[in-house]
Number of protein chains: 2
Amino acid sequence: MLNNRGYLSEKTIKKVHDAMESLNYQPNAVARQLYKKETKLVGLIFPTVDNPFFGQLVAELEKRLFDAGFKVLIGNSMNDPEKEETYLKELISNQVDGLIVGAQNKDISEYHTSNLPVVAIDRVMNEDIPVIASDNYMGGKLATELLINSGAKHIISTHGPINLKTPANRRVEAYADVMASYNLVPHTYIVDFSWDFEKKRQAIEAMFSKYPEMDGIFATNDMDAALVWQTATKLGYNIPDDLKIVGYDGSNITRVLLPELTTIVQPVELMAERAVTTLISRIKGDDTPLEQIIPVKVWRGESV
Amino acid sequence: MLNNRGYLSEKTIKKVHDAMESLNYQPNAVARQLYKKETKLVGLIFPTVDNPFFGQLVAELEKRLFDAGFKVLIGNSMNDPEKEETYLKELISNQVDGLIVGAQNKDISEYHTSNLPVVAIDRVMNEDIPVIASDNYMGGKLATELLINSGAKHIISTHGPINLKTPANRRVEAYADVMASYNLVPHTYIVDFSWDFEKKRQAIEAMFSKYPEMDGIFATNDMDAALVWQTATKLGYNIPDDLKIVGYDGSNITRVLLPELTTIVQPVELMAERAVTTLISRIKGDDTPLEQIIPVKVWRGESV
DNA sequence: GTGAAAGCGCTAACAT
DNA sequence: ATGTTAGCGCTTTCAC
């Protein structure tokens with residue numbers, strides 16, 4: 001009818017608008033999408049939104065995408081490669097204009113074969129997919145130095161599965177480098193992100209028996225750090241006197257619920273901002289940097 | 001070509017499948033949606049996913065919707081009625097098959113006028129929209145009794161804006177009833193969900209000066225309870241000796257990051273499950289109960 | 001300046 | 001049993 005061409009009497013305009021309201025008309029976005037081959041939809045694939053870090057990240061992404069006129073289709077991969085693949089296929093099938101991925105799974109070929117604009121957060125995908133990450137190496141370095149400078153000598157670093165290609169591995173590299181430079185022996189211990197809390201607790205208890213002389217822990221995320229803290233307290237350790245703990249992530253929720261935890265803060269807002277602008281550039285067809293490293297900060301609690 | 005009709009030689013089938021793979025073919029869901037007038041999309045409108053309770057709730061909803069064959073379009077309303085309205089319109093325009101709403105805003109007419117299947121969580125919308133809620137009255141009762149039985153007399157109950165029609169108001173009702181039955185004077189204090197942490201902190205500090213004799217607090221959510229705890233500690237209170245605190249929500253994250261907080265646990269999984277099955281019934285056109293109240297549990301920490 | 005028609009990719013009904 | 005066509009609701013192009 002009228003939407004685009006600019007003539008028409010006011011009376012007609014009003015009439016049509018009234019009709020639109022009374023008939024409760026909403027333009028059918030699906031039909032427009034089909035014709036335009038543009039959905040203004042962005043897919044988000046992350047492990048789960050039930051986590052302080054990913055929850056905040058997704059919230060920040062969603063906010064910025066909304067402001068840029070995109071709606072968000074969400075897929076929680078739950079660390080399940082199959083679910084991730086299903087999501088990916090369905091999102092592609094849904095003709096999303098782009099994808100922001102932070103899931104922690106192994107390689108999935110669809111990311112490579114489809115020529116959909118994709119941005120990865122804290123995950124290496126392939127050569128032409130841009131990655132946004134916090135300065136993991138610096139974070140690992142700061143954390144380890146924090147522990148060493150406050151007197152810890154037997155420091156363990158927890159981390160996810162090593163076969164996963166993620167920039168987060170650089171945290172452990174930095175830890176090992178710093179330990180070596182102080183002539184200390186590095187020890188790493190696996191606490192898989194996908195385990196449930198019970199399994200994590202067991203693994204952490206096992207860590208305490210395996211390393212009885214342990215006096216410092218660099219946990220690769222704050223939830224793990226909290227579990228370590230609780231286990232330590234239960235075993236009679238005093239924090240930070242007997243055991244010093246540094247976490248990683250420093251999301252909003254952690255800083256309110258457990259401000260006592262010293263942790264490395266990932267600049268979530270900035271990462272989200274960069275991810276969105278990078279994705280939009282890609283959608284437009286512009287070139288973007290392939291790697292963007294965002295500086296971290298230290299949150300000083302009382303656990304170190 | 002072939003997808004539906006069941007004859008064809010195996011060779012042809014293989015050939016087509018190969019072609020599909022080599023051409024990287026994915027059926028266009030948008031076209032199918034246009035024809036079928038069914039998108040297999042469900043919209044979720046919640047304040048924000050950057051919150052332990054809503055994060056977990058959205059994750060649980062998403063999981064169950066995925067299993068039922070639906071994808072999820074998410075909208076974080078951020079307690080902004082305008083944003084909620086925009087989302088609602090866009091989701092309707094996107095032809096979602098249904099909506100699950102837990103946003104905390106005032107009435108929005110579109111919910112009534114469109115005849116889209118809608119389910120509300122912890123929010124009263126209108127007469128024919130089914131509501132899923134935890135047993136807020138029982139939760140308020142349990143919380144208040146917990147505080148009274150451990151010796152508190154001057155108990156304050158924090159809550160959101162009163163003009164909001166939400167079943168959560170029943171927590172305060174129960175609090176008032178229990179207080180009255182013990183001949184204690186009820187006091188309520190507003191801590192708006194939409195305030196940022198800084199503003200909340202200020203409000204809570206003001207509460208401490210307003211009620212110097214306060215020895216018990218029933219906070220309407222765990223984040224607020226944590227802020228109360230911190231403020232109390234800063235002011236020299238000893239928890240639970242000088243001040244007893246009970247929260248509300250008891251989500252996964254809170255129970256890991258702050259297990260010491262005694263709180264009323266909302267059965268998030270069950271609520272999500274009910275919301276999804278109810279929505280699917282509505283989509284099918286079946287009748288559903290208009291109100292489903294799910295029992296709460298007590299998480300015993302050390303704050304009471 | 002305004003009306004008519006084609007086509008986005010799919011599915012279902014209709015011919016062959 | 002297989003090929004053909006109409007149409008979902010929109011936008012754009014092309015006539016008038």
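Numbered from 1 within each chain, the chains take letters A, B, ... in sequence-line order.
Tyr25(B) has a side-chain polar atom (N or O) that falls below the 4.0 Å cut-off from OP1 or OP2 of dC10(C). In this model, the phosphate group of dG9(C) is approached by a side-chain N or O of Lys37(A) to a distance below 4.0 Å at OP1 or OP2.
Comparing Lys36(A) and Tyr35(B) by the nucleotide of DNA chain D that holds the closest heavy atom to each, the one mapping nearer the 5' end is Tyr35(B).
With rounding to whole Å, Gln33(B) atom CD is found 17 Å from dG7(D) atom C1'. Atom CD of Gln26(A) and atom P of dC8(D) are 20 Å apart (whole Å). The interatomic distance linking Leu34(B) (CG) with dG7(C) (C1') rounds to 12 Å, in whole Å. Remark: C1' of dA12(C) and CZ of Arg32(B) are 14 Å apart, rounded to the nearest angstrom. The CD atom of Glu38(A) sits 21 Å away from the P atom of dG9(D) (whole-angstrom rounding).
In this structure, Lys83(B) is positioned above the aromatic face of Phe66(A), its NZ or CZ under 6.0 Å from the six-membered ring centre and within 45° of the axis.
By the 4.0 Å N-to-carboxylate-O rule, Asp80(B) lies too far from Lys63(A) to be salt-bridged with it. In this structure, Asp122(B) pairs ionically with Arg171(B), as a charged nitrogen and a carboxylate oxygen lie closer than 4.0 Å.
For the residue pair Glu84(A) and Ser77(A), no side-chain donor N or O sits within less than 3.5 Å of a side-chain acceptor on the partner.
Stretches of at least 3 consecutive Watson-Crick or G-U wobble pairs, with each checked distance under 3.5 Å, appear in DNA chain D as C:1-14 with D:3-16.
The only member of Met271(B), Glu291(B), Arg123(B) that meets side chain to side chain contact (heavy atoms under 4.5 Å, CB included) when paired with Ile132(B) is Met271(B).
Between Phe193(A) and Phe54(A), the distance separating the two ring centers is shorter than 6.0 angstrom.
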